[in-house]
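What follows is a single structure, written as structure tokens, with notes after it.
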Amino acid sequence: MRQEIRKRNQKSFVKSVMEQRSAGRPKVAHAVVVIFMEFFAWGLLTTPMLTVLHKTFPQHTFLMNGLIQGVKGFLSFMSAPLIGALSDVWGRKSFLLLTVFFTCAPIPLMRLSPWCFFALMSVSGLFAVTFSVIFAYVADITEEHERSTAYGLVSATFAASLVTSPAIGAFLSLRYGDSLVVLLATIIAVADILFVLLVVPESLPDKMRLSSWGLPISWEQADPFASLRKVGKDSTVLLICVTVFLSYLPEAGQYSSFFLYLGQVINFSSEAIAGFIAMVGILSIGAQTLLLSVLMKKIGNKSTVLLGLGFQLFQLAWYGFGSEPWMMWAAGAVAALSSITFPSVSALVSRCTDHDQQGAVQGMITGIRGLCNGLGPALFGFIFFLFNVELKELSPVEPNPVTPDTEEKRVIPGPPFLFGACTVLLALLVAVFIPAQHAPAVKTCSTHVMMESASGVTENGSVPVSDEDNEPLLQDSSL
């Protein structure tokens, strides 16, 4: 009897989602616009932020940058699963508004008070976890077979926002000054907040939200840590989390120093660096949309993750040993192909996760990425320091003269990238053990308990009892 009720509730959930979609309310386009505007605003500030960082901390620029990103990343790691789990209870829109607001809040302070800007930027990590809510939002409004494509579109939008915005910000900064760039970024951030507030609809159906106005809610139903405990007990989710950590750690470190590395070690000009960013961004858009969709259909979800990790391993090793500009361009093309990893991992988690656990699990993935954003830059900076590779210039990069001494030291031009290749190799080995199929699972969220309790039906006629201790999180899914 209980199984029949659960199946009926699941069918009603799918039906309600389809009704929302047919009414044209929540759409993937809403998520795409939110992500694009948020990261476009921050992309504009790439050049001004490097300048302000250097002026504010002239003696310890990279150390302070690592500290700021480390605090922000640690706070994101702690808060992302909690915010995701709460969005499973109270809905996505309110938490989407919260995360977008706090992510963009530091922007206007860049010119008003640099110290307050960096302080607020660090603390904003407590709520700056938009991706966890966005991916849960997308999971609410898409079917399983189209979810990977939707995640790829969101990730490609992130890449697209960073293709042009740094170059636009640098041009405007050079022509009109940093104040105009900060003003433009602030206007875009405010527009993003208003878009979420006025345009973006709620994606989570009313029956899935336990806090419908006027209905009592117990702490057991609303407790986000209950969701996190269930996540932690599932070995498959833990394997995926370890894979994300080992693969994203070098990626975060790479983003923090790679463009300075291109200029000072590989002797790229400023124009070549801008062209490199554009090329990788454009190829990443194609990889995360067209290529990802084809791979998911042809070889499946898990194999796509493994292929993406393979591309990333090859790319980082090439960055580590490469010493010629053409090698960097070729490795950059491989880096674009490796960008399929994160959307395919998110799809893998989402396809296997209960509808009422999407926010919690996506929050864990986003939290791990936030932690890597803090640890990666510090780790790469430390390895560069150990190998006497100094990245000091923050202005347009002038090629360094090559001498016999420097040439001799460059047997391994990029040691941090080689270290990153080793961590990705470990991630690849861990990902191999992610099961292609998971054992059938019973729904675990208290939403279903509440529904059954409301109908007054249980197997023995008594109040339903939680099976948290022996029910895994994931459902059976052919991957």
Do you know which two heavy atoms are closest between [X] and [Y], and how far apart they sit?
{"X": "Gln315", "Y": "Ala331", "value": "CG-O, 3.7 Å"}
{"X": "Val129", "Y": "Ser79", "value": "CG1-OG, 4.2 Å"}
{"X": "Ile340", "Y": "Ala287", "value": "CG2-O, 3.4 Å"}
{"X": "Ala427", "Y": "Thr243", "value": "CB-O, 3.8 Å"}
{"X": "Gly43", "Y": "Ser165", "value": "CA-OG, 3.3 Å"}
{"X": "Ser203", "Y": "Ile141", "value": "CB-CG2, 3.8 Å"}

Using side-chain contact (heavy atoms from CB on, under 4.5 Å), reason through Met110 and Leu45 one step at a time and then give a plain yes or no. CA-CA 9 Å; Met110 178 177 285; Leu45 299 178; 4.1 Å; yes
When you compare the side chain of [Y] with that of [X], does any pair of heavy atoms fall below 4.5 Å?
{"X": "Leu348", "Y": "Ile434", "value": "yes"}
{"X": "Leu283", "Y": "Leu337", "value": "no"}
{"X": "Phe342", "Y": "Ser155", "value": "yes"}
{"X": "Thr149", "Y": "Met296", "value": "no"}
{"X": "Val237", "Y": "Val349", "value": "no"}
{"X": "Leu292", "Y": "Ser344", "value": "yes"}
{"X": "Leu172", "Y": "Ile168", "value": "yes"}
{"X": "Phe245", "Y": "Arg369", "value": "no"}

Would you say Ser293's side chain and Thr289's backbone share a donor-acceptor pair under 3.5 angstrom?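 Not at all, since once roles are kept as given, no pair shorter than 3.5 Å links the two residues.
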Do any N or O atoms from the side chain of Ser161 and from the backbone of Phe158 form a donor-acceptor pair under 3.5 angstrom?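 Yes: the side chain of Ser161 pairs with the backbone of Phe158.
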To the closest 0.5 Å, what do you measure between [atom1] ([X]) and [atom2] ([Y])?
{"X": "Lys298", "Y": "Leu291", "atom1": "NZ", "atom2": "CG", "result": "12.5 Å"}
{"X": "Ser247", "Y": "Leu425", "atom1": "OG", "atom2": "CG", "result": "12.5 Å"}
{"X": "Thr157", "Y": "Ile285", "atom1": "OG1", "atom2": "CD1", "result": "8.0 Å"}
{"X": "Ser346", "Y": "Arg147", "atom1": "OG", "atom2": "CZ", "result": "11.5 Å"}
{"X": "Leu379", "Y": "Ile383", "atom1": "CG", "atom2": "CD1", "result": "4.0 Å"}
{"X": "Leu316", "Y": "Ser338", "atom1": "CG", "atom2": "OG", "result": "7.5 Å"}

With distance as the sole criterion, is a donor-acceptor pair present between the side chains of Gln312 and Gln254 under 3.5 Å?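 No.
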Please evaluate residues Lys72 and Ile68 with respect to the criterion side-chain contact (heavy atoms from CB on, under 4.5 Å), reporting the C-alpha separation (whole Å), side-chain torsions for both, the decisive distance (0.1 Å), and the verdict. CA-CA 6 Å; Lys72 182 179 179 180; Ile68 292 167; 5.6 Å; no
For Ser76, check side chain to side chain donor-acceptor pair (under 3.5 Å) against everything at least two apart and list the hits.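 Once residues adjacent in sequence are excluded, Ser76 has no partner under the side chain to side chain donor-acceptor pair (under 3.5 Å) criterion.
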Set of residues satisfying side chain to side chain donor-acceptor pair (under 3.5 Å) with respect to Tyr255, sequence neighbours excluded: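 Glu251.
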For Tyr319 together with Phe314, are the ring centres under 6.0 Å from each other?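 No, ring centres 6.0 Å or more apart.
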Do Phe380 and Phe417 have ring centroids that are under 6.0 Å from one another?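 Between Phe417 and Phe380, the centre distance is under 6.0 Å.
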Kindly list each side-chain donor-acceptor pair under 3.5 angstrom involving residues 179-194, sequence neighbours excluded, with atom names and distances?
{"unit_1": "Ser179", "atom_1": "OG", "unit_2": "Arg111", "atom_2": "NE", "d": "3.3"}
{"unit_1": "Thr186", "atom_1": "OG1", "unit_2": "Val182", "atom_2": "O", "d": "2.7"}
{"unit_1": "Asp192", "atom_1": "OD2", "unit_2": "Glu38", "atom_2": "N", "d": "3.4"}

State whether Tyr137 and Arg92 meet the cation-pi test: NZ (Lys) or CZ (Arg) under 6.0 Å from the six-membered ring centroid, and within 45° of the perpendicular axis.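 Relative to the ring axis of Tyr137, which defines the angle, Arg92 lies outside at least one limit.
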Solution key, residues 100-109 side-chain donor-acceptor pairs under 3.5 Å, sequence neighbours excluded:
{"unit_1": "Thr103", "atom_1": "OG1", "unit_2": "Thr99", "atom_2": "O", "d": "2.6"}

Fit a plane to each ring of Phe276 and Trp329, take the angle between them on a 0 to 90° scale, and name the class: parallel (under 30°), tilted (30 to 60°) or perpendicular (over 60°).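 Rings of Phe276 and Trp329: perpendicular, over 60°.
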Describe, in one word, how the ring planes of Tyr261 and Phe258 are oriented to each other, choosing from parallel (under 30°), tilted (30 to 60°) and perpendicular (over 60°).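 Answer is parallel, since the angle falls under 30°.
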Residue list, ring-ring contact (aromatic ring centres under 6.0 Å, His included) with Phe36, at least two apart or on another chain: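 Phe36 satisfies ring-ring contact (aromatic ring centres under 6.0 Å, His included) with Phe40 once adjacent residues are dropped.
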Identify each donor-acceptor pair in which a side-chain atom of residues 112-127 lies under 3.5 Å from a protein atom, sequence neighbours left out, and give them as a table.
{"unit_1": "Ser113", "atom_1": "OG", "unit_2": "Cys116", "atom_2": "N", "d": "3.4"}
{"unit_1": "Ser122", "atom_1": "OG", "unit_2": "Phe118", "atom_2": "O", "d": "3.0"}
{"unit_1": "Ser124", "atom_1": "OG", "unit_2": "Leu120", "atom_2": "O", "d": "3.4"}
{"unit_1": "Ser124", "atom_1": "OG", "unit_2": "Met121", "atom_2": "O", "d": "2.7"}

Applying side-chain contact (heavy atoms from CB on, under 4.5 Å) to Tyr248 and Ile368, what does each step give before you reach the verdict? CA-CA 9 Å; Tyr248 196 74; Ile368 292 172; over 6 Å; no
Stepwise side-chain contact (heavy atoms from CB on, under 4.5 Å) check, Trp318 with Leu313: CA-CA 9 Å; Trp318 207 342; Leu313 172 62; over 6 Å; no
